[in-house]
Amino acid sequence: MKKRYFIGGAWPYANNSLHVGHLAALLPGDVIARYGRLKGYDVIYVSGTDSHGTPITERAKREGVTPASIAERYHEEFVRDFNDLDFSYDKYTATFTDYHKQGVQDIFRLIDKNGYLYETTEEQDYCEKCGKFVSDREIEGKCPVCGKITRGDQCEFCMASFDSSALTDKRCRTCGTPTTTRTNKHLMFALSKFQKPIEDFVERMSPNWRLNAVNETKKYLTQGLPDRAATRDLDWGIEVPVPGYESKRIYVWFEAVLGYMTTGKWVAEQRGIDFDEYMKDDGNLNNYYIHGKDNIPFHTVIFPALLMAMNKGYCLPTHIVSSEYVNVNDDKMSKSKGNMISVHELAENYPSDCVRFYTMLFNPERRDVNFSIPDMITTYNKFLAGGLGNFVNRNLSFIKKKFGGVIGSGKVDPAVKEYVEGLYDTIGNKIEAGELRSATEDMVSLISYSNKYYDEQKPWVLAKEEDLSAFWNVTATCLYLMANMANIFAPVIPEGCGKLASMLPMGELAYKPTTLPESFTLGEVPILYTRIDEK
């Protein structure tokens, strides 16, 4: 059976523009998806806009518009930004679509049928002034773990997750009034039943996960898994498909992560694939979940528990690709400091490959990183324009000028061939393991290796000899390097690799060693990468 990749990129929240932190966290998913397709795997790569929840309703109130208009505005912006930076989602959707809504309601009913939802009546925070029950981000109070003032059900400081009722000294964030309590009923998800199964799952899968994911998950599990409210009092969201709960909505923590399943099924249906069979844990499926550090518990505990509760034999997350944070100009990003770099700003002003290459070469895989536009430009000029682009253009331009673009017969250097074939395995293994920064560093090494080979062989000198066999052997080797760099680099810098492939008779890009015909005629040789003025 063909190897399969299911890749889920975290769903950015429709409350503000995408910034470089989102980009650094999400781009690894596109690199893995592109690699999988080049390998000939059966890939489903999905994501979408997280459109429900309190922050959107609060922003809508401030702006005097509907929550739907806020969600749709940012969804359109996200789609444009991802397209501009060559993200290759098989489907990028939004949680406000009817398809997602119906899919989540079906899953909700299934989990209820399987006995993992139960009704509870409890005292819940209530704001007398606003005249409504409040929870999650509508409340501000002291974290039960570290004691700092935070909001919602996850502390912004110590990263602990908890029910918002655990906060102390609570106030309504809308009006600042201390909250009281009133009796309310909700449906609870029996998360506590999955404590041992999740512990066993984490132990089994942790070798494939980023270290921060393992550490954060174990810390979360040590606190004990509490049952969580699956419903809430809110107008904007997905209706609860259970009689007696018509006025409530499915909690966003429950429905947003299920977007991977609803959207994956959508793609599978369009391809005529049985999604239940595709997602089976049969040893042929690797599934990657791509997100930032702050989303770890939702992907390593909450989402797997929901999959277990569905009882359909779906493969649990085999790879957790969770990034650390991104600072800008050596300082934490903050709207008040005015140092937020938006994805739109990057996409509008710089080549897609420039942004993608820099983001992957300095990706925050194991520690926080600093993002600097001057550094990005310098990196692009050095390695893409001055490295890869220079290698391609000085080779091909010389052949066009000296020989009219007609390539003579030559043989590829066996040592170079062995080195390149080894890199396919080395880089491919790193991409499959989620070690994308190291894989990109190996790509840089191949650029340096190629330029060093060209400089040492001096083909411009060999071209002056009466016997051109040595020249054509060097040229064949350089063309071999170009063709295989196009294959190997395509997951990270697809635009330039597609352009390079069109200059050579190599057909479709594929992640496997490629040998060009012994002789052919070059077509147009455009500049692969134009330098950016660093001033």
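These values consider heavy atoms only, across backbone and side chains, with no hydrogens, waters or symmetry-generated copies. Counting begins at 1 with the first residue of the sequence. These figures come from a predicted structure and were not determined experimentally.
- We find the CD-CG distance between Glu269 and Asp274 to be 10.0 Å, quoted to the nearest 0.5 Å.
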Audit row: Tyr325, Asp294, side chain to side chain contact (heavy atoms under 4.5 Å, CB included) steps and yes/no: CA-CA 9 Å; Tyr325 297 130; Asp294 53 346; 3.9 Å; yes
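- A distance of 11.0 Å separates CG of Leu479 from CE of Met506, quoted to the nearest 0.5 Å.
- A cation-pi arrangement is found for Arg4 relative to Tyr278, the charged atom lying closer than 6.0 Å to the ring centre and inside a 45° cone about the ring normal.
- In this structure the side chain of Tyr92 never reaches within 4.5 angstrom of the side chain of Asn83, judged on heavy atoms.
- Side-chain atoms of Lys512 never come within 3.5 Å of backbone atoms of Tyr424 as a donor-acceptor pair (strictly under, hydrogens ignored).
- Under the 30°/60° scheme for interplanar angles, the aromatic rings of Phe398 and Phe403 are found to stand perpendicular.
- Distance OG1/Thr318 to CG/Leu285: 6.5 Å, rounded to 0.5 Å.
- Rounding to the nearest 0.5 Å places CG of Asn16 at 10.5 Å from CD1 of Ile70.
- At least one side-chain heavy atom of Phe391 sits under 4.5 Å from a side-chain heavy atom of Cys478.
- Proximity of the aromatic rings of Phe96 and His75 is defined here by a centroid distance below 6.0 angstrom, and this criterion is met.
- At distances below 3.5 Å, not a single donor-acceptor pair connects side-chain atoms of Thr217 with backbone N or O atoms of Asn215.
- Here the rule is side chain to side chain contact (heavy atoms under 4.5 Å, CB included) with Phe383, and of Leu388, Leu361, Ile493, Thr440 only Leu361 fits it.
- Side-chain polar atoms of Asp106 and Gln102 form a donor-acceptor pair below 3.5 angstrom.
- Side-chain atoms of Ile527 and Thr530, non-hydrogen and from C-beta on, do get closer than 4.5 Å to each other.
- Here the two rings, on Tyr454 and Trp460, have centers that are under 6.0 Å apart.
- Under the 6.0 Å cut-off for aromatic ring centres, His344 and Phe78 do not qualify, their centroids lying 6.0 Å or more apart.
- Aromatic ring centroids of Phe6 and Tyr288 lie 6.0 Å or more apart.
- Separation of the Tyr529 and Phe357 ring centroids does not fall under the 6.0 Å cut-off.
- Panel note: side chain Asp368, backbone Pro364; no donor-acceptor pair is recorded below 3.5 Å.
- Contact record, Leu436 with Pro28: CD1-CB, 3.1 Å, taken as the closest heavy-atom pair.
- Considering every non-hydrogen atom in both Leu85 and Arg356, the closest pair reads O-NH1, 2.9 Å.
- With a 4.5 Å cut-off on side-chain heavy atoms, Ile7 and Ile44 do not count as touching.
- For the 3.5 Å distance criterion, the side chains of Tyr13 and His52 fail to qualify, holding no donor opposite an acceptor.
- Screening Lys2, Lys3, Arg37, Arg271 against Asp42 for a salt bridge (Lys or Arg N to Asp or Glu O under 4.0 Å) leaves a single residue, Arg271.
- The backbone N or O of Tyr314 sits nowhere less than 3.5 Å from a side-chain atom of Asp281 that would complete a donor-acceptor pair.
- Salt bridge status for Asp276 with Lys312: present, with a side-chain N to carboxylate O gap under 4.0 Å.
- Checked against a 6.0 Å centroid threshold, the rings of Phe303 and Trp253 do not count as neighbours.
- A distance-only check finds no donor-acceptor pair linking the side chain of Ser322 to the backbone of Lys293 [under 3.5 Å].
- Nearest approach of Asp413 to Ala415, heavy atoms of both residues: OD1-N, 2.9 Å.
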Side chain to side chain contact (heavy atoms under 4.5 Å, CB included) between Met443 and Val492, intermediate numbers included: CA-CA 10 Å; Met443 295 176 190; Val492 176; 3.8 Å; yes
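- Scanning all heavy atoms of the two residues, the minimum distance from Ala25 to Ile290 falls at O-CG2, 3.0 Å.
- At distances below 3.5 Å, not a single donor-acceptor pair connects side-chain atoms of His100 with backbone N or O atoms of Thr97.
- Judged by distance alone, with hydrogens and angles left aside, the side-chain atoms of Asp90 form a donor-acceptor pair with the main-chain N or O of Tyr45 at under 3.5 Å.
- The minimum heavy-atom distance between Ala10 and His291, with the atom names listed, is CB-CB, 3.5 Å.
- A donor-acceptor pair shorter than 3.5 Å cannot be found between the side chains of Tyr99 and Thr263.
- The CD atom of Glu435 sits 11.5 Å away from the OG1 atom of Thr426 when rounded to the nearest 0.5 Å.
- Using a 4.5 Å cut-off on side-chain heavy atoms (C-beta onward), Leu18 and Leu23 make no contact.
- No side-chain N or O of Glu432 forms a donor-acceptor pair with one of Asn286 less than 3.5 Å apart.
- Without hydrogens or angle criteria, Arg531 side chain to Ala385 main chain gives no donor-acceptor distance under 3.5 Å.
- Residues Pro351 and Tyr380 have side chains in contact (heavy-atom distance under 4.5 Å, counting atoms from C-beta outward).
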From CA spacing to verdict: ring pair (Phe, Tyr, Trp, His ring centres under 6.0 Å), Phe82, Tyr89: CA-CA 9 Å; Phe82 286 130; Tyr89 292 117; 5.3 Å; yes
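- The CG atom of Asn395 lies 3.5 Å from the CE atom of Met482; values are rounded to the nearest 0.5 Å.
- Under 3.5 Å, the side chains of Ser323 and Glu365 contain no donor-acceptor pair of N or O atoms.
- In this structure the side chain of Leu500 reaches within 4.5 angstrom of the side chain of Val392, judged on heavy atoms.
- Counting only distance, with no hydrogens or angles, the side chain of Arg366 and the backbone of Arg210 share no donor-acceptor pair below 3.5 Å.
- The residue from Trp11, Tyr260, Tyr220 that alone fulfils the ring-ring contact (aromatic ring centres under 6.0 Å, His included) condition with His299 is Tyr260.
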Derivation and outcome, side chain to side chain contact (heavy atoms under 4.5 Å, CB included), residues Val214 and Ile320: CA-CA 9 Å; Val214 176; Ile320 296 294; over 6 Å; no
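- A donor-acceptor pair shorter than 3.5 Å can be found between the side chains of Ser88 and Asp30.
- Of all non-hydrogen atoms in Val355 and Thr359, the two that sit nearest each other are O-OG1, 2.7 Å.
- Residues Ile302 and Pro297 form no side-chain contact, since every pair of their non-hydrogen atoms from C-beta on lies 4.5 Å or further apart.
- Using modelled atom types, one finds no donor on one side chain facing an acceptor on the other under 3.5 Å when comparing Asn212 with Arg367.
- Side-chain atoms of Asn327 do not come within 3.5 Å of backbone N or O of Asn370 as any donor-acceptor pair.
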Ring pair (Phe, Tyr, Trp, His ring centres under 6.0 Å) between Phe362 and Tyr358, worked out: CA-CA 6 Å; Phe362 299 102; Tyr358 178 75; 5.2 Å; yes
Residue pair Glu345, Ser342: steps toward the side chain to side chain contact (heavy atoms under 4.5 Å, CB included) verdict: CA-CA 5 Å; Glu345 176 186 351; Ser342 72; 3.3 Å; yes
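- Applying the 6.0 Å contact sphere to CD of Glu534 captures more than 12 heavy atoms from other residues, nucleotides or ligands.
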